[in-house]
Structure formats: structure tokens, C-alpha cells
Amino acid sequence: MKPRLLWWLGTALLLLAVHTDWNVPLAAWVFPVFLLRYARLVPTRRAILFVGLSLLIGQLFWLGVTGLLFVLSGLLAFTLLAVLQTTAFLADRLFADRAGPLRTLVFPVTLVAGEYLFTVITGFGDFGALGSTQSTNLPLLQTASVTGVYGLTFVLAWFASVANTVWAEGWRPVKRTVVVHLCLLGVVFAAGGARLLFDAPTTKTVRVAGISPSAEADRSSSDALERIGVKYWRAQEVVTADPVAVGAAFAPVTDDLVTRTRQQASAGAKIVLWPETHASVLERDQAALLARVGTEAKQAGIHVGLAYALYTAQAPYIRNVAVLVGPSGDVLWTYDKTHPTPMEPMTPGPGVVPTADTPYGRIASVICYDADFPGLMRQAADKGTSLMLVPANDWPGFGSLHAEKAVFRAVENGYSLFRHSTHGNSTAVDSQGRVLGHADYYRTDQQTLVADLPAQPRTQTVYARVGDVFAWLCLAAAALCPLWTYRRKR
């Protein structure tokens with residue numbers, strides 16, 4: 001096959017493999033094979049240039065689909081990711097032939113190292129990890145309970161490296177390598193299947209309901225804000241306007257959410273969760289809202305996880321908060337989002353995941369983008385969390401993507417996870433990544449997700465104890481690879 005055709009096939013499959021709302025998981029296994037083969041057949045400089053171009057096209061495509069193409073910080077960060085990914089293909093070109101029987105490991109080790117460096121350098125969470133495309137592959141997904149998402153990247157990249165080696169050298173010279181690889185791949189899938197079969201989550205469940213306001217309540221609030229000439233995303237404009245008029249404009253959404261909280265409690269929900277920042281509250285009205293919700297919680301004997309945009313008199317004039325109200329009617333925690341997105345002007349919270357003990361086990365909460373940071377989510381596991389609540393707010397192009405990424409946090413840390421997202425997909429998953437409930441905001445007038453989730457005891461995982469040790473080992477191996485292959489060649 002001509003190198004030009006290899007490049008085109010690799011690039012086309014890469015666009016299908018990039019983790020978007022409609023990626024093809026199989027493409028993530030295949031596209032590196034063609035780009036690895038291309039990089040081996042053309043001169044080194046051309047390999048760097050065109051493989052890098054292919055990967056950059058993939059990142060720009062991802063940014064375009066998700067609506068982040070014109071966010072400068074995102075553009076710079078994911079350009080860096082393309083460079084780090086290119087380094088993995090370059091390492092395979094330069095060092096694999098010198099690595100002897102370990103030559104097929106050069107590419108997966110350096111790719112994992114590049115992905116992990118990206119998270120460390122840019123602070124964009126684990127975005128860009130190739131393994132995140134496999135959220136529906138339940139046996140393989142269990143690997144994350146030991147290695148995190150990077151273990152799945154390693155498996156995919158190793159498969160591509162072995163396939164490319166067979167293509168380049170033929171069957172006979174590498175048959176032992178292929179047999180070893182297939183045996184280990186079989187062990188990975190068999191171990192995942194065994195975990196699904198023999199280490200199933202507890203049957204003790206709690207009913208959780210995620211609610212969103214109706215389209216009619218949204219329209220009433222938007223119309224009222226328009227009449228007084230206020231844009232909700234201009235926080236300073238909101239806090240300097242007439243507070244009575246602004247409070248009245250915000251009321252249709254909060255009133256609707258309080259009503260639906262009562263309805264779900266009557267239907268048997270023990271925990272009710274609001275979505276991130278769909279409700280808006282002035283600081284002067286916060287106490288009244290919490291007292292109102294506290295009365296509902298006390299009467300029904302439930303926990304209510306409120307989430308809202310809180311407008312304050314101090315710059316930057318807005319906070320993104322999650323508040324838990326207990327069956328006593330008291331506030332059990334107030335949590336500020338630790339990792340605002342590049343488009344959010346608020347000050348980050350202190351980064352301490354709140355927890356509370358309930359009859360259903362220990363529960364915790366983060367907000368939306370926070371769940372893309374494995375270290376923060378592992379903090380909840382360290383505190384013995386058995387159920388993680390994640391109020392969220394997405395946008396078209398990001399709904400399924402974010403919901404799928406949250407599955408990895410549940411498997412990594414051994415807790416059930418309920419992610420309720422307005423303007424996106426809500427999902428409820430157990431500690432093994434099974435989706436127990438799903439609701440799409442854009443396919444209903446009023447989004448509600450109800451699921452019975454395993455709550456206690458939590459599932460213990462290796463990853464929750466050791467963290468990103470696997471990624472650090474890959475990083476160390478990638479750093480030593482040039483020195484080791486040079487000494488071996490001599």
C-alpha cells in the first residue's frame with residue numbers, strides 16, 4: 001500500500017476515533033496501525049510533519065465538534081497534545097527496531113506518557129486519552145479499576161503496534177510476540193469479565209432522581225430577564241440591576257425545581273439532584289431558597305442536592321455552587337466548583353470534595369468539569385464515598401462525551417455515580433460502569449432521570465489506592481527508552 005494512501009486512511013479513521021458524541025470505538029484500535037506504518041515507510045522528517053499534521057487535524061476536528069475551536073486556551077492545549085502524540089509515533093520510528101523483543105511496547109509506553117504529560121502540564125483533565133473511547137466495552141473498562149483510563153490507552157496502542165509489526169515483518173519473525181500479546185490481551189478481557197461476574201456491586205440501592213426545569217419555566221425566566229434588559233451571563237450586570245426584578249425573573253426556574261423536588265420525593269426518591277447553574281439565585285435570596293428546600297426535605301425525609309449560579313456583590317460576582325440539604329432541613333455542605341471551564345469567570349473553589357454520611361452510605365459531590373480530573377475524584381474514594389453526585393451543565397457536542405467520561409471515574413474509584421446534566425445527557429452508573437439510567441435533555445420537554453443505584457458498601461479498587469502509578473511508570477519507561485535502546489545498539 002502506498003504511503004499516501006496509508007496517511008489518508010489513518011487520518012480518516014482518526015476522525016472517527018476522536019472522542020466526540022458519535023465516535024466509533026473500533027476506529028481507535030485501527031487508525032494508529034496505518035499512521036505507524038506510514039511513519040516507518042517515509043523519511044523521518046516527512047513522518048514527523050505529516051503524522052503531526054494528521055493528529056493536529058484530529059484535535060482541531062474535536063475542538064470544532066465540541067464548540068471549543070475559538071477558545072484560545074483550548075486551542076493551545078490541544079495543539080500541545082497533538083505534539084505529544086506525534087512524539088509517540090516518532091519514538092516508534094527511531095527506537096522500536098533497537099528494542100529487540102520489547103519493540104512493540106515503545107509506542108504504547110510513549111503514547112500513555114504523552115497523554116499523562118498533557119494532563120499534568122495543561123490542567124485540562126484527562127481529555128485526549130485514547131482509552132476514553134471505550135466506555136461501552138465493559139470487560140476492557142474494568143482495567144481502569146487498576147490503571148485508570150491510561151491502561152485502556154496502553155491496550156489499544158499495544159494492539160496497533162503489534163499489528164503494524166506483523167504487517168512490516170511478516171508472521172514468522174514475530175509469531176512469538178503475537179502469541180504473547182494475544183494471550184495477555186485475553187487475560188485482560190477475561191479478568192474484566194471475571195470482575196463483572198464475581199465482584200458485582202451490592203444489591204442495597206437508593207433511589208436518586210435528577211430533575212430539570214420545564215421548557216415553559218425556562219421561557220418565562222428568559223422573557224422576564226429580557227424585559228428588564230439583563231443578560232444572565234454578565235454577572236456584574238445582574239448584581240447591579242434591580243434585585244426585586246431580577247429575583248422575580250429567576251423565580252420561575254427555582255419554583256419549578258422546588259415543585260419537582262416535592263413530586264420526586266412523593267414518588268419514592270431518597271435523593272433529589274438539581275443540575276449545575278440552571279437555577280440562578282441572588283445572594284440576598286439564597287437563605288430563603290435554602291429554608292424553603294429545607295422544609296421540603298424535612299417533610300419528606302430526603303436529601304436534596306441543589307446546584308445553582310450564585311450572584312454576589314464581590315468580584316467576579318458569581319459562584320458555581322452545589323449545596324446538600326439533609327432530612328433535618330439543615331445545610332450539610334456548600335461546595336464551590338474546583339475546576340471552572342475556560343469559559344467560566346468564577347473563582348475556583350478550594351478543591352476539597354465534601355462528604356456526608358447517610359442511611360445509604362457516604363455520599364459526595366463535585367460539579368460537572370470536576371469529574372474530568374481523576375485526582376479530585378480519587379479524593380472522594382479516599383474518604384470512603386459509595387455514591388458520587390455530579391450536577392452538570394453541557395452543550396450540544398459535549399453531552400454524550402462528558403457522560404461517557406464520567407463512567408471511568410466510577411470504575412476507577414469503586415463508587416456509583418449519578419451525573420445529572422442539563423443541556424446534555426444525564427447518566428447513572430454503578431461501580432463497574434453499567435449504565436443504569438439515561439436521559440437526554442434535548443429529547444424531552446422536562447428532563448428527569450430516576451435510577452436505583454448501589455450505595456453501600458463501596459467497591460475497593462487498586463486505582464483508588466495507588467492512583468496514577470501506571471501512568472508514571474509509562475512516563476519513566478518513555479524517558480529511559482532512548483538511553484536503553486542506544487546502549488543496546490552499542
Side-chain angles (χ1 to χ4, degrees), residues 18-21 23 55-85 114-129 132 149 231-238 275-278 280 307-312 314-322 335-353 365-377 390-406 408-409 419 421-425 441:
V18 171
H19 191 199
T20 61
D21 280 356
N23 71 281
L55 295 167
L56 181 60
I57 289 172
Q59 297 305 330
L60 293 176
F61 175 74
W62 183 86
L63 289 167
V65 169
T66 57
L68 297 174
L69 185 59
F70 300 106
V71 177
L72 181 59
S73 59
L75 183 61
L76 293 175
F78 286 91
T79 299
L80 173 62
L81 178 58
V83 172
L84 293 171
Q85 292 172 330
E115 288 183 352
Y116 190 64
L117 271 178
F118 173 76
T119 69
V120 172
I121 295 172
T122 65
F124 265 82
D126 67 338
F127 277 100
S132 64
V149 67
K231 306 295 184 184
Y232 71 88
W233 62 86
R234 296 174 182 169
Q236 188 172 7
E237 184 178 291
V238 171
E276 176 197 18
T277 63
H278 203 142
S280 299
Y308 48 86
L310 179 63
Y311 292 89
T312 70
Q314 297 80 34
Y317 308 107
I318 188 170
R319 292 168 56 192
N320 187 340
V321 299
Y335 170 79
D336 282 76
K337 190 174 186 178
T338 299
H339 296 283
T341 68
M343 296 82 73
E344 293 180 295
M346 67 276 298
T347 302
V352 178
V353 176
S365 182
V366 297
I367 299 176
C368 197
Y369 188 38
D370 288 340
D372 298 327
F373 293 81
L376 184 68
M377 300 296 278
V390 186
N393 194 339
D394 294 309
W395 59 86
F398 233 94
S400 297
L401 165 87
H402 239 161
E404 289 168 3
K405 284 171 62 60
F408 285 89
R409 304 294 91 84
R419 184 181 187 274
S421 173
T422 190
H423 306 111
N425 291 338
Y441 176 86

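Expressed to the nearest 0.5 Å, how far CG of Leu81 lies from CG of Leu76 amounts to 13.0 Å. Note that OH of Tyr116 is 11.0 Å distant from CG of Asp126, once rounded to the nearest 0.5 Å. Separating the OH atom in Tyr311 from the OG atom in Ser280 is a distance of 4.0 Å, to the nearest 0.5 Å. The distance from atom OG1 of Thr79 to atom CG of Leu84, rounded to the nearest 0.5 Å, is 11.0 Å. Going from atom CD1 of Ile318 over to atom OG1 of Thr312 covers 8.5 Å, rounded to the nearest 0.5 Å. The structure places CD1 of Ile367 at 8.0 Å from OG1 of Thr338, a figure rounded to the nearest 0.5 Å.
Classification of the Tyr369-Phe373 ring pair by plane angle, with boundaries at 30° and 60°, yields perpendicular.
Among all heavy-atom pairs drawn from Pro391 and Pro275, the shortest one is CB-C, 4.1 Å. Counting all heavy atoms, side chain and backbone alike, Glu237 lies closest to Lys231 at OE2-N, 2.7 Å. The two atoms that bring Val390 and Ala371 nearest to each other are CG1-CB, 4.3 Å, heavy atoms only. Across Gln59 and Gln85, no two heavy atoms sit closer than the pair NE2-OE1, 3.3 Å. Among all heavy-atom pairs drawn from Pro345 and Met343, the shortest one is CD-O, 3.7 Å. Counting all heavy atoms, side chain and backbone alike, Gly74 lies closest to Phe124 at CA-CZ, 3.7 Å.
Around atom OH of Tyr232, no more than 12 heavy atoms belonging to other residues, nucleotides or ligands sit under 6.0 Å away.
With Asn23 contributing its side chain and Val18 its backbone, the two residues share no donor-acceptor pair below 3.5 Å. Remark: side-chain polar atoms of Gln236 are not paired, donor with acceptor, to backbone N or O of Tyr317 under 3.5 angstrom. Judged by distance alone, with hydrogens and angles left aside, the side-chain atoms of Arg409 form no donor-acceptor pair with the main-chain N or O of Met377 at under 3.5 Å.
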Trp62/Leu68 under side-chain contact (heavy atoms from CB on, under 4.5 Å): CA gap, chis, key distance, verdict: CA-CA 8 Å; Trp62 183 86; Leu68 297 174; 4.0 Å; yes
Walk me through it: do Thr20 and Leu401 pass the test side-chain contact (heavy atoms from CB on, under 4.5 Å)? CA-CA 6 Å; Thr20 61; Leu401 165 87; 5.7 Å; no
Evaluate Leu63 against Leu75 for side-chain contact (heavy atoms from CB on, under 4.5 Å), listing each step before the verdict. CA-CA 8 Å; Leu63 289 167; Leu75 183 61; 4.0 Å; yes
Please lay out, stage by stage, how Cys368 and Arg419 fare under the test side-chain contact (heavy atoms from CB on, under 4.5 Å). CA-CA 8 Å; Cys368 197; Arg419 184 181 187 274; 3.7 Å; yes
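With no hydrogens or angles considered, no side-chain donor-acceptor pair links Asn425 and His402 at under 3.5 Å.
With a 4.5 Å cut-off on side-chain heavy atoms, Val83 and Leu56 do not count as touching. Between Ser132 and Phe127, every side-chain heavy-atom pair lies at or beyond the 4.5 Å cut-off. No side-chain heavy atom of Pro374 sits under 4.5 Å from any side-chain heavy atom of Phe408.
Residue Tyr441 forms a side-chain contact (heavy atoms from CB on, under 4.5 Å) with just one option from Thr422, Asn393, Asp394, and that option is Thr422.
The aromatic ring centres of Phe118 and Phe78 sit less than 6.0 Å apart.
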